[in-house]
Amino acid sequence: MKKAISFLAVLLIAATAFATPRLVSFSNKGGKTTVVFTLSVDDRDSSNGLGIDKIVLECNGKTYTAQHVDAKFGKNTTTVTVKFKKIPQSKNGRLKFKVNGMDKCINL
């Protein structure tokens with residue numbers, strides 16, 4: 001029994017150490033490009049805060065800087081909406097940003 005509990009504890013620690021952002025939606029409508037993704041509660045700092053900065057969208061060999069960022073805190077996740085100027089085509093896109101100083105990336 002002790003081994004099972006120890007294994008579950010290690011598994012939980014490993015899962016939280018590698019928390020990755022998850023893409024919710026990507027929209028290129030209405031004259032703008034909008035990306036919505038979620039972050040887990042494990043990405044928050046010790047005071048339950050979240051610093052998201054240096055958000056850029058790399059797409060078609062060009063880099064676009066975020067024009068608007070909105071975060072909604074939930075109990076277990078934070079939903080982040082990022083808006084960019086409209087991108088003509090979206091192939092091989094990648095969203096890069098920092099969360100509390102740590103580099104994160106989402107392939108679109």
Side-chain angles (χ1 to χ4, degrees):
M1 186 68 168
K2 282 185 175 180
K3 287 183 181 180
I5 292 172
S6 296
F7 175 74
L8 289 174
V10 170
L11 185 63
L12 180 63
I13 291 169
T16 59
F18 297 106
T20 58
R22 298 188 186 269
L23 179 66
V24 174
S25 67
F26 177 84
S27 171
N28 207 10
K29 297 179 181 176
K32 62 186 173 279
T33 298
T34 305
V35 180
V36 179
F37 62 93
T38 59
L39 297 168
S40 76
V41 70
D42 300 317
D43 287 314
R44 296 179 189 171
D45 64 17
S46 60
S47 64
N48 207 28
L50 193 61
I52 304 171
D53 60 349
K54 298 187 180 179
I55 303 173
V56 295
L57 176 60
E58 296 175 346
C59 193
N60 306 319
K62 295 182 181 179
T63 301
Y64 303 89
T65 304
Q67 294 180 331
H68 178 78
V69 180
D70 183 41
K72 293 188 176 143
F73 288 84
K75 183 176 179 181
N76 295 318
T77 60
T78 302
T79 303
V80 182
T81 304
V82 185
K83 295 181 182 180
F84 299 88
K85 73 176 193 173
K86 186 168 175 108
I87 298 170
Q89 291 182 347
S90 55
K91 292 183 181 178
N92 302 322
R94 175 183 280 184
L95 186 69
K96 295 172 90 176
F97 53 97
K98 288 186 179 274
V99 175
N100 296 332
M102 296 183 63
D103 291 326
K104 302 282 183 172
C105 180
I106 302 175
N107 291 324
L108 304 177

S.K.: What do the steps show when you test Thr78 against Arg44 for side-chain contact (heavy atoms from CB on, under 4.5 Å), and what is the final call?
M.R.: CA-CA 9 Å; Thr78 302; Arg44 296 179 189 171; 3.1 Å; yes

S.K.: Taking Asp45 for the side chain and Leu50 for the main chain, is one N or O donor matched with an acceptor at less than 3.5 Å?
M.R.: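 Checking the backbone N and O of Leu50 against the side chain of Asp45, no donor-acceptor pair under 3.5 Å is found.
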
S.K.: Does this structure show an ion pair linking Lys98 with Asp103, if we count only N-O contacts that are shorter than 4.0 Å?
M.R.: yes

S.K.: What's the verdict on ring pair (Phe, Tyr, Trp, His ring centres under 6.0 Å) for Phe97 and Phe37, showing C-alpha distance, side-chain angles and the deciding distance?
M.R.: CA-CA 12 Å; Phe97 53 97; Phe37 62 93; 4.8 Å; yes

S.K.: What are the two closest non-hydrogen atoms of Cys105 and Pro21, and how far apart are they?
M.R.: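 Distance-wise, the nearest heavy atoms are O-CG, 4.2 Å.
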
S.K.: Under the criterion side-chain contact (heavy atoms from CB on, under 4.5 Å), I'd like the reasoning laid out for Val69 against Thr81: C-alpha separation, chi angles, the key distance, then a yes or no.
M.R.: CA-CA 6 Å; Val69 180; Thr81 304; over 6 Å; no

S.K.: Is there a path of hydrophobic side-chain contacts, each under 4.5 Å between heavy atoms of I, L, V, M, F, W or Y residues, that connects Ile87 with Leu23?
M.R.: yes

S.K.: Kindly compute the distance separating NE2 (His68) from CD1 (Ile55), expressed to the nearest 0.5 Å.
M.R.: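 That separation rounds to 10.5 Å.
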
S.K.: Side-chain heavy atoms under 4.5 angstrom apart, residues restricted to Ile, Leu, Val, Met, Phe, Trp, Tyr: same cluster for Val99 and Val56?
M.R.: no

S.K.: Looking at every non-hydrogen atom in both residues, tell me the closest pair between Gln67 and Phe84 and how far apart they are.
M.R.: OE1-C, 3.7 Å

S.K.: Quick one: closest heavy-atom pair of Lys75 and Val41, and the distance?
M.R.: O-CG2, 4.0 Å

S.K.: Taking Val36 as the starting point, is it possible to reach Leu95 by hopping between hydrophobic residues whose side chains are less than 4.5 Å apart?
M.R.: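 No, because Leu95 and Val36 fall into different hydrophobic clusters, even though each may have its own neighbours under 4.5 Å.
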
S.K.: Answer yes or no: are there more than 12 heavy-atom neighbours, outside Asn107 itself, under 6.0 Å from its atom CG?
M.R.: yes

S.K.: Are the side chains of Leu57 and Thr63 in touch, meaning some heavy atoms are under 4.5 Å apart?
M.R.: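 They are not in side-chain contact.
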
S.K.: Side chains of Lys96 and Glu58: closer than 4.5 Å at any heavy-atom pair?
M.R.: yes

S.K.: Any non-hydrogen side-chain atom of Ile52 less than 4.5 Å from a side-chain atom of Val80?
M.R.: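 They are in contact (side-chain heavy atoms under 4.5 Å apart), so the answer is yes.
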
S.K.: According to a hydrophobic-cluster definition based on side-chain heavy atoms being under 4.5 Å apart (Ile, Leu, Val, Met, Phe, Trp, Tyr only), do Leu39 and Phe73 belong together?
M.R.: yes

S.K.: Does any donor atom in the side chain of Thr33 or Asn28 lie under 3.5 Å from an acceptor atom in the other side chain?
M.R.: yes

S.K.: Quick check against the 3.5 Å criterion: does Arg22 have a side-chain atom that pairs as donor or acceptor with the backbone of Ser40?
M.R.: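 Not confirmed, Arg22 side chain does not pair with Ser40 backbone.
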
S.K.: Nearest 0.5 Å please: distance from the OG1 atom of Thr38 over to the NZ atom of Lys72.
M.R.: 14.0 Å

S.K.: Is it true that, when you exclude Lys85 itself, more than 12 heavy atoms of the residues, nucleotides or ligands shown sit nearer than 6.0 Å to its NZ?
M.R.: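 Incorrect, the count does not exceed 12.
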
S.K.: Would you say Cys59 and Arg94 make side-chain contact, with heavy atoms under 4.5 Å?
M.R.: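 Sidechains of Arg94 and Cys59: no contact.
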
S.K.: Can any side-chain N or O of Asn100 pair as donor or acceptor with the backbone N or O of Asp43 at less than 3.5 Å?
M.R.: yes

